[in-house]
Amino acid sequence: MANNLILFTVVALTFGCIALAYEPKPLQDFCVADPNSSVKLNGVACKNPMQVQAEDFFFSGLHIRGNTSNTVGSRVTTVFATQLPGLNTLGISMVRIDYAPWGLNPPHTHPRATEILTVLEGSLEVGFVTSNPDNRFITKVLKKGDVFVFPVGLVHFQRNIGNGNAVAIAALSSQNPGAITIANAVFGANPPIPSDILAKAFQVDRTVVDQLQAKF
Ligand SMILES: *[C@@H]1O[C@H](CO)[C@@H](O)[C@H](O)[C@H]1NC(C)=O
Ligand SMILES: *[C@@H]1O[C@H](CO)[C@@H](O)[C@H](O)[C@H]1NC(C)=O
């Protein structure tokens, strides 16, 4: 079994196709992403360590407020491996989230990361829902300095419950956490999911589904 895996990996690497790994514990100090490499693996190929600079481990800009002029009133500024190449293979990343008064970071999930969030400014109502069959809703109001964790894969949200702006910083346990916003994925799929499927799933009339699909 182990031999087969090694053989597969060697073959995969030899032919420059893929290698399998789930952000394993790094076997070297770092692997700064080399976006120019044509080698495809689970992450990005490493830059030559001798050419690595301090800039590769650096990102500047999380002091800048995100533009929340949108329908939900929130903005996520990401610092993933794409923005900070030194994060490649390290299994961690960071975001800044800005909320307009009563702005919402709508229900979404990160398929590859647990998220730990702290409030820097304002108050947030946050929550997540456990998986089937319980679908238990776990919610709390957070104030400045409070910390909350959203377990990997679970649907969660944050809402600013104040008349001023709110700001949060969150760390995520992947260099590329992924995000699936529920409303957009379900009602804004491209091409659309057939409306009779959604009508049955949501137990509503097809016209309700058509209305929702028109919005996303
Ligand atoms: C990628 O290639 C471009 C063009 O050759 C070069 O300017 C750039 O510095 C390279 N990036 C890295 C990270 O090596
Ligand atoms: C914020 O986004 C809105 C909508 O896209 C745009 O009209 C506006 O110019 C942006 N504001 C800034 C300061 O970039």
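Source: prediction; values computed, not measured. Read the numbers this way: they start at 1 and go in the same order the structure lists the ligands and their atoms.
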Which protein non-hydrogen atom lies closest to atom 4 (C) of ligand 2, naming both residue and atom, and how far is it?
-> Ser69 O, 3.6 Å
Could you check if a side-chain atom of Leu117 sits within less than 4.5 angstrom of a side-chain atom of Leu124, using non-hydrogen atoms only?
-> yes
Do me a favour and list the nearest non-hydrogen protein atom to atom 3 (C) of ligand 2 with residue, atom name and distance?
-> Asn67 ND2, 3.6 Å
Using distance alone, with no hydrogens and no angle criterion, decide if Arg206 and Ser195 have a side-chain donor and acceptor under 3.5 Å apart.
-> yes
Are any non-hydrogen protein atoms located under 4.0 Å from atom 11 (N) of ligand 2?
-> yes
Return the minimal non-hydrogen interatomic distance between Val152 and Arg112, and the atom names on each side.
-> CG2-C, 4.0 Å
Compute the ring centroids of Phe202 and Phe187, then answer whether they are less than 6.0 Å apart.
-> yes
